[in-house]
Novice: 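Take this structure, written in structure tokens, and hold onto it; I'll ask about it next.
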Amino acid sequence: MSEGIIYWLQQTLNALQLGSIYALIALGYTMVYGILTMINFAHGDVFMVGAFFCFLAAVYLGLPFVPTLLLTMLGAALVGVMIERLAYKPLRNAPRVSAIITALGVGIFLENFTLALAPYPKNIPALLANATWNMGGVSISSLQIIIILLSLGLMFVLDYVVYRTPVGIAMRAISWDKTYVPLMGVPLDLIISVTFAIGAGLAGAAGTMYGLAYPVIDPYMGIMVGWKAFISAVVGGIGNIRGAMIGAFILGGVEIMVAAFFPSTYRDFVAFTLLMLLIVIRPYGILGQPRTQKV
Amino acid sequence: MSASMAGIEDIQLEVRDLEVHYDGIRALHGVSFTVLKGEIVTLIGANGAGKTSILRAISGLMPYGGSVVFEGQSLKRISAHRIVGLGIAHVPEGRGIFGNLTVQENLRLATWQRADKGEIAADYDRVFAIFPRLLERQHQLGGTLSGGEQQMLAVGRALMSRGRLLLLDEPSMGLSPRLVQEIFRVVEDINRSGTTVLLVEQNANRALRIASRAYVLETGNITLSGTGRELLGDPRVKEAYLGG
């Protein structure tokens, strides 16, 4: 293979890895927006808390990869449910802006709470033996493959849950209009909690994978990654599950490719310019639909 | 048949001194009425008389003063989704169809509280037998249905939840006379198969004709009651609700 193609394939693999992590986080933004029409700005920090749970499980409990991942997802899910119950639920009938300000506050709380407990960046140990294969000049690491496959697996499970199960039907019903959902016999609060648990659990999984790929973690790591995942969700069409995944892979791809072919300091500037242009062309995002007004 | 002659065991729903507030304004001023097993009871009244508030209170969608007792059990502190499980199906004002769900998913959602999962398949058949249009459109999104089809779906959902008491809020709203006739015929069929019906209507003429008993609601108070036939013949009802 020519060197150009090898370089291209290598970067595609990197883009898939980054896109997978963005996608797992973007799903949480889009799900919460879908059911509550609210941007959960604390979500990037839930991802960060997930990375710290991963650190705790791996270092203090000495757990191997799979239990660490499961414990991290569970811990993050609990944090997500608690945030909703304590901070957002009391504001469910308040103006949306109150909930959004509260979300920003919750995010700052999570960052500084973590900072108080962990003032210095932490190192996540290598939980997986990282083998690297060379395939026709393209170097593929086992970690990369695991991150991509695991993320895709989680996305398929989520897609199944949302589009094929009663809980998913209930979530989509809530996203249409929650007023009459209880008349179907559906417990509204439970479904909202489940939505937060799933979104936060996926962010926890993303925290684990990010921590394995980029092992130095700190309390502010969730801010930029969170913004990027949020933008992915908007680009894909906020509220749309499949859109969030597509948007995340586009953003991951653009970022990696810009850094690959231009000075890396151009990365965010070029990536975000492209995304803004995309939003100008499709204001509701790639899969988003303008909502027809309900009576 | 009047409520005072009925035995306690015949009373399915008893509403006592119901009071409801909207933004601090009292919308219902202590409304009381009963619904007996197997009846079609209708509440008629002008727009804004409080008919919808009564149904919303019964279903647990809004807080209220006074009491609502269903089959001997107070519904006051029971959340709306559990009230469905106790046997009350509510077809809300505007139908409340989930436009982003298919017809089939709309129906399936309404079975959430049911314990007898094995009998659900038979109920789909029943709904599709009553409304063949829904069978044709079962994979279509609710938002793409016509108004009449949405009303059929709303009634179909209520059947899927297997309520013993069916609350219907303005089922005739926005429908052509032919569709109104069909919906009322279906309501009578559902009633004959053993479901009690509490019907709220502006279309007083049609509602009174199928009702066992009726109540007239005016600005938050019940001002008249009687059998459907009595109220059809009442001069006050004729003047106010039947166009003279």
Side-chain angles (χ1 to χ4, degrees), chain A residues 30-31 33-37 85 89-90 92-95 159-195 237-244 284-285 287-295, chain B residues 23 52 55-56 58-62 78-115 117 120 141-144 147 150 153-154 156-158 160-163 166-169 173-174:
Chain A
T30 221
M31 289 171 77
Y33 184 86
I35 61 161
L36 296 180
T37 32
R85 283 287 151 124
K89 196 179 167 205
R92 208 176 282 166
N93 297 316
D159 200 76
Y160 180 84
V161 168
V162 170
Y163 291 101
R164 294 274 176 274
T165 67
V167 171
I169 296 175
M171 285 176 179
R172 284 181 289 136
I174 294 172
S175 81
W176 181 260
D177 184 356
K178 63 179 185 292
T179 320
Y180 295 131
V181 167
L183 293 186
M184 303 296 110
V186 174
L188 188 62
D189 290 342
L190 179 69
I191 302 296
I192 290 174
S193 289
V194 168
T195 307
I238 189 122
N240 187 300
I241 302 271
R242 289 170 189 170
Y284 295 96
L287 293 187
Q289 300 275 330
R291 266 296 276 282
T292 44
Q293 199 60 44
K294 294 186 301 275
V295 222
Chain B
D23 300 324
T52 295
L55 298 192
R56 289 175 60 88
I58 295 170
S59 292
L61 289 178
M62 63 191 305
I78 301 183
S79 41
H81 67 272
R82 291 198 194 286
I83 290 176
V84 177
L86 292 176
I88 297 183
H90 182 164
V91 177
E93 189 179 25
R95 295 144 200 159
I97 297 302
F98 301 106
N100 60 340
L101 303 184
T102 65
V103 167
Q104 213 258 340
E105 287 172 332
N106 266 283
L107 292 171
R108 185 174 172 192
L109 194 62
T111 65
W112 190 283
Q113 288 284 335
R114 287 179 56 173
K117 300 289 181 201
I120 288 174
L141 294 183
T144 66
Q150 289 197 350
L153 180 54
R157 281 192 317 202
M160 292 306 294
S161 77
R162 278 240 178 141
L166 175 61
L167 311 180
L168 282 168
D169 198 341
M173 193 198 273

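Below, chain A is the first sequence line, B the second, and so on; all start at residue 1.
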Novice: Output the option from B:E105, B:Q113, B:R82 having the highest count of non-hydrogen pairs under 4.5 Å with chain A.
Specialist: B:E105

Novice: Is B:I97 close to chain A through its backbone or its side chain, or both, or neither, when contacts mean heavy atoms under 4.5 Å?
Specialist: backbone

Novice: If you measure from CE on A:M171 to OG1 on A:T165, what distance do you get to the nearest 0.5 Å?
Specialist: 7.5 Å

Novice: Within this structure, what is the CD1-CE distance for the pair A:I174 and A:M31, rounded to the nearest 0.5 Å?
Specialist: 10.5 Å

Novice: Could you have a look at B:T111, B:V91, B:I83, B:V84 and say which one has the most heavy-atom pairs with chain A under 4.5 angstrom?
Specialist: B:V84

Novice: Highest number of heavy-atom pairs under 4.5 Å with chain A: which of B:S59, B:A158, B:P92, B:S79?
Specialist: B:P92

Novice: If I measure from the heavy atoms of chain A, does B:L109 come under 4.5 Å with its side chain, its backbone, both, or neither?
Specialist: both

Novice: How about A:D189 and A:R85: do any of their side-chain heavy atoms sit closer than 4.5 Å?
Specialist: yes

Novice: For A:G239, is there any backbone N or O sitting under 3.5 Å from a side-chain donor or acceptor partner on A:T30?
Specialist: yes

Novice: Does any backbone or side-chain atom of B:R56 lie under 4.5 Å from a heavy atom of chain A? Answer side chain, backbone, both or neither.
Specialist: side chain

Novice: Looking only at side-chain N and O atoms, does B:R157 offer a donor or acceptor that is under 3.5 Å from a partner on B:N106?
Specialist: yes

